[in-house]
Amino acid sequence: MKCKTCGGKAAVNLKQHRLALCKEHFLEWMPEQTARFIKKYWMFGPDEKILVAVSGGKDSLSLWDILWRLGYHVDGLYLGLGIDEGISYSEESHRLTEKFAAERGLKLHVVDVEKTYGHSIPMLAQKTLRGHGKPCSVCGLTKRHEMNRIARDMGYDVLATGHNLDDEAAVLFGNTLTWSQDFLLRQAPVLPESDGLARKVKPLCRFYEKEMTAYAILRGIEYIYEECPFATGSTSIYYKELLNRLENDRPGAKMIFYISFLEAKSNGLFVEHQKVKPVLNNCPTCGQPTSSTGECSFCRMTNKVSDQSSVISLK
Ligand code: Q46
Ligand code: ZN
Ligand code: ZN
């Protein structure tokens, strides 16, 4: 198979685009396409300050690499979750992220959840969920809170995450199964800035996971191969497997599912619903927006945990 651009030996065959490219032209094509999506969805302009949330995985590191190559002012944020069950997941992902930033001379902010709040994610989950269920809800809440806090406090214009098409299609599939209007409404390549919430963008939302893997490998990015140990058996992985089966039988199905949703939304789907905006208040403790009239859910969680820690067990 030959590269469509130069006729040389193809390294990647992008079936859904009917496009084969050599290594050099694939590594050019990915940033070009990213730049196209940034423009198409009005994600950010050339002078804006971007904070990219990096986990040490292929998607977020590749996103950082691409935005840097496109000439944006882009710094990284790594959240140390303290997930070191069985494998040293957090330790290794932190090491690879630091290495990536040092090799390119990029600025990386590191927030260690345990050092900042006294408890790692597994510990917070243990105390709040009391052994019921995975720590993912606690983890998601903490990540959203911390990403917004750093973006806001450090004066970034926009927060970028490395969600790819497979991630977005799986979320869309889950929300469609239950017709969760609020979630469907909020699923978009760009969430505009609002009352204390940073603008959030997903520049990789139209790239298949396979394309992201190919980019990271061909670009020589060293990333963590292991998934978080708590991801095993998750609903999102199950949805991804179902969608992969569909994609196998009907190449391009995942892309059509996601793009048609975005088009339907921009053509007015949920338009009545959009008129009703939730009322947000400021959390009296951290100042971040919350739909509650008191503290936000993150502060309620950390308070609950520190209250428990100050109680002496008499067992
Ligand atoms: S939420 Fe759950 Fe992930 Fe947090 S605990 Fe691991 S799997 S890292 S995207
Ligand atoms: Zn070529
Ligand atoms: Zn708060």
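All values derive from a computational prediction rather than experimental measurement. We count ligands from 1, going down the list as the structure has it; atoms in each ligand are counted the same way.
Residues P289 and L280 come closest through the heavy atom pair CB-CD1, 4.0 Å. Smallest separation of non-hydrogen atoms from C136 and F230: SG-O, 4.2 Å.
Within the structure, salt bridge (Lys or Arg N to Asp or Glu O under 4.0 Å) contacts touching residues 246-255 (residues at least two apart or in different chains) are D166-K254.
Here the CG atom belonging to L159 is positioned 7.5 Å from the CG atom belonging to L77, to the nearest 0.5 angstrom.
Under a cutoff of 6.0 Å and an axis angle of 45°, K49 and Y156 form a cation-pi pair. Both the sub-6.0 Å distance and the 45° axial angle are satisfied by R104 relative to the ring of F100.
A salt bridge links R149 with E146: the closest approach of a Lys/Arg side-chain nitrogen to an acidic carboxylate oxygen falls below 4.0 angstrom.
Criterion: ILVMFWY side-chain heavy atoms under 4.5 Å apart, direct or through other members. Under it, L141 and V171 are not part of a common hydrophobic cluster.
Neighbouring protein atoms of the Zn ion (ligand 2) (N, O or S, distance under 2.8 Å, waters ignored): C3 SG, C6 SG, C22 SG, H25 ND1. By the criterion of a separation under 2.8 Å, the protein N/O/S atoms near atom 6 (Fe) of ligand 1 amount to C228 SG.
With sequence neighbours left out, the salt bridge (charged side-chain N to carboxylate O under 4.0 Å, His left out) criterion links E168 to K202.
For atom 3 (Fe) of ligand 1, the closest non-hydrogen atom on the protein side is K143 NZ, 4.0 Å.
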Are E48 and R199 close enough, and set up right, to give a salt bridge (charged side-chain N to carboxylate O under 4.0 Å, His left out), and what steps lead you there? CA-CA 11 Å; E48 292 194 283; R199 186 186 335 150; 2.8 Å; yes
